[in-house]
Amino acid sequence: MNKRIILLYSFMLCFIYVPEKVCASVYLQDRSEAAWVFFTDKKGVDFDPYSFFDQKAIERRLRHGICLYDTLDVPVRDEYVQELSRFVDSVGVVSRWFNAAFVHVPSQNLSQIKELGFVRDVRPAALRKTPVLADAETDAGSLLADADTSLLHAQVSHMNGHYFHKNNINGKGIRIAVFDAGFRGVNTHPAFRHLTRDGRIIATYDFHRNREHVFTASVHGTMVLSSLAGVIDGVPLGLATGAEFLLARTEIRREPLAEEQYWLAAVEWADQLGADIINSSLGYVYHRYFPEEMDGQTSLVAQAARIATRKGILIVNAAGNQGNNNQWRIVVTPADVDSVLTVGALDFNSMLRASYSSVGPAADGTMKPNVSALGQVVAANRRSLGKPQGTSFASPLVAGFAACLWQMNPSWSNMQVFQAIERSASLYPYYDYAHGYGIPQACYFFDDYPGIQMPTFDIVRENKHISINMRIRVRQEANDETAALKEKQYLYYQIRNEDGSIARYFVIDLEGITTMKLPKDDFQPGQYLWVHYNGFTSSMKITDP
């Protein structure tokens with residue numbers, strides 16, 4: 001009897017005590033990793049662009065002089081994917097642009113996959129999502145009667161959007177893809193009735209669940225779409241109320257790690273279906289990366305954004321909400337790409353950078369953000385209206401602006417639209433890393449735009465100072481729609497290095513101030529002083545030792 005007890009006790013110990021090193025070994029053997037597997041070639045794959053692409057995608061390519069038989073668009077060899085599936089737990093997105101597949105693979109199989117003759121490279125793929133959306137949303141009431149009318153009015157008027165409206169410009173004929181976390185209630189909310197009634201939601205896809213239904217999960221995309229094209233009781237919430245839309249669910253907010261595979265799949269899908277503009281109120285960063293690696297080159301979403309731009313798509317991306325994060329601060333990817341129109345957020349009360357809005361430059365020195373817009377809006381939520389804030393909502397306001405501008409100039413390329421938006425902005429040619437070139441202005445594109453007729457200040461050298469002397473304040477004619485936004489008068493100034501980089505920049509509230517004196521000790525020889533006030537910009541090179 002004692003022997004039986006001893007044997008049973010020994011048997012139990014086998015399950016209770018396992019050496020630490022053995023535990024680690026067992027864990028590593030069973031671990032599954034997310035990775036991208038890149039293939040060597042696409043030999044022998046048939047490709048007919050006329051059957052593969054939507055007609056609008058073909059028209060966009062032809063308008064931009066792009067070859068319809070680009071090898072990037074050729075599908076991945078199916079036999080490569082089939083052979084790869086023998087070594088992995090699952091195959092996710094298969095990217096034709098990168099000739100790659102996203103997989104979950106047991107750690108012990110990685111070395112075997114790297115040795116396959118058709119595999120060019122294997123890269124880890126886990127990303128930590130950096131939210132671009134606001135931390136919280138406040139409810140504004142049931143519908144328009146209870147909305148914050150001053151904020152609602154400003155959504156259009158701060159960009160002089162009434163110029164578009166009175167000329168019947170609303171983005172008609174422009175196809176916009178929206179990438180987001182879900183579009184809960186879009187199919188039933190009255191703010192989108194004109195889109196559903198006219199069949200202008202052309203296609204939808206949930207890249208996480210592999211289905212077309214996207215009207216679930218999150219209201220964030222609903223609020224973003226309303227800032228592009230919502231209409232309540234005849235009042236527009238955005239500028240692109242006449243555009244067509246592709247809605248892609250790319251984000252799974254409950255997951256601590258999010259893969260970029262859905263964004264990559266969505267951008268190829270949007271390209272195939274003829275998107276002219278992509279609004280991406282999203283941002284990513286590898287959990288093992290650092291801010292200095294936000295260089296517009298490193299992440300796969302940055303590389304995909306570059307490809308999409310080369311194919312004639314204008315990508316409008318939120319700058320990110322990391323402005324208060326001293327360990328991060330700079331714009332997130334793919335907002336770090338030079339050819340992506342990156343949008344920062346403005347505080348409604350001051351019309352200056354909202355404290356949360358990420359700043360530039362990108363890690364490679366690229367000037368970011370490009371422009372700015374209101375970061376708080378009146379937006380449709382699941383059933384009513386709310387007042388969310390974040391660069392998520394500045395981005396669609398500018399994307400709607402771009403759609404209207406492109407409707408006015410259908411022969412323009414995507415980069416011509418990009419550059420025209422920068423030139424129209426309220427601070428141009430002045431630029432800083434907080435506001436970009438300022439707020440895009442629709443009036444710039446119409447014949448009755450008054451412009452600035454005379455300098456609004458003088459820069460004067462003195463013995464120990466450089467003085468900025470304000471002239472009699474020159475205000476442009478402001479109609480009732482924009483007068484409230486022109487009450488504050490700010491002076492923007494900065495010190496630039498000889499290479500064009502900005503050493504320091506400032507914004508001064510000029511209330512009661514007519515002259516500013518800047519000590520010459522603030523400058524190094526060869527630096528420049530740049531000043532902007534009330535629509536006028538001037539600069540001076542500091543040459544004194």
Side-chain angles (χ1 to χ4, degrees), residues 131-162 164-165 170-171 176 178 180-181 183-186 189-192 218-233 235-241 243 245 279-282 316-321 343-357 369 371-404 439-440 442 481-482 484-485:
V132 175
L133 53 151
D135 293 333
E137 175 197 352
T138 57
D139 193 20
S142 57
L143 285 175
L144 192 59
D146 298 315
D148 185 333
T149 54
S150 60
L151 177 59
L152 174 61
H153 199 60
Q155 287 173 219
V156 171
S157 63
H158 82 296
M159 296 185 292
N160 277 291
H162 57 281
F164 288 139
H165 288 163
N170 59 8
I176 305 173
V178 183
D180 221 287
F183 302 87
R184 196 175 187 87
V186 164
H189 199 291
F192 308 106
S218 173
V219 76
H220 188 262
T222 309
M223 296 186 291
V224 166
L225 182 62
S226 77
S227 301
L228 266 163
V231 176
I232 288 289
D233 294 344
V235 178
L237 306 179
L239 292 173
T241 56
F245 292 92
N279 181 80
S280 172
S281 289
L282 308 165
V316 184
N317 210 101
N321 292 342
V343 185
L346 301 176
D347 172 72
F348 176 47
N349 294 318
S350 67
M351 296 306 290
L352 298 176
R353 181 184 76 91
S355 61
Y356 56 78
S357 186
V371 293
S372 297
L374 273 174
Q376 187 170 37
V377 296
V378 174
N381 54 30
R382 186 180 178 185
R383 295 187 181 91
S384 60
L385 296 176
K387 290 197 299 181
Q389 65 177 1
T391 56
S392 285
F393 309 105
S395 180
L397 291 177
V398 173
F401 187 103
C404 292
I439 307 167
E481 293 180 321
T482 60
L485 298 176

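Position 1 is the first residue of the sequence; numbering continues from there.
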Check whether any side-chain N or O of H189 sits under 3.5 Å from a backbone N or O of A380 as a donor-acceptor pair, and report yes or no.
-> no

Can you check side-chain hydrogen bond (donor to acceptor under 3.5 Å, both in side chains) on S392 and H220, steps first, answer last?
-> CA-CA 9 Å; S392 285; H220 188 262; 3.1 Å; yes

The side chain to side chain donor-acceptor pair (under 3.5 Å) partners of N279 (sequence neighbours excluded) come to S281, S395

Output for pair (L374 CG, H158 NE2), nearest 0.5 Å, gives 4.0 Å

Counting distance only, does the side-chain N/O of N381 pair as donor-acceptor with the main-chain N or O of M223 below 3.5 Å?
-> no

All ring-ring contact (aromatic ring centres under 6.0 Å, His included) counterparts of F401, not counting sequence neighbours = F164

Tightest non-hydrogen contact, residues L239 and H165, listed as CD2-NE2, 3.9 Å

Is there a side-chain contact (heavy atoms from CB on, under 4.5 Å) between L237 and Q155 once you walk through the steps?
-> CA-CA 7 Å; L237 306 179; Q155 287 173 219; 4.2 Å; yes

Could you tell me which residues satisfy side chain to side chain donor-acceptor pair (under 3.5 Å) with S357, sequence neighbours excluded, listed by chain and number?
-> none

Qualifying residues under side-chain contact (heavy atoms from CB on, under 4.5 Å), relative to S227, sequence neighbours excluded = V377, A379, F393, P396, L397

List for me each residue that meets side-chain contact (heavy atoms from CB on, under 4.5 Å) alongside A243, sequence neighbours excluded, and say none if there are none.
-> I176, A240, F245

Minimum heavy-atom separation for A345 to T391, with atom names?
-> CB-CG2, 3.6 Å

Verify, without hydrogens or angle tests, whether D347 (side chain) and S355 (backbone) share a donor-acceptor contact under 3.5 angstrom.
-> no

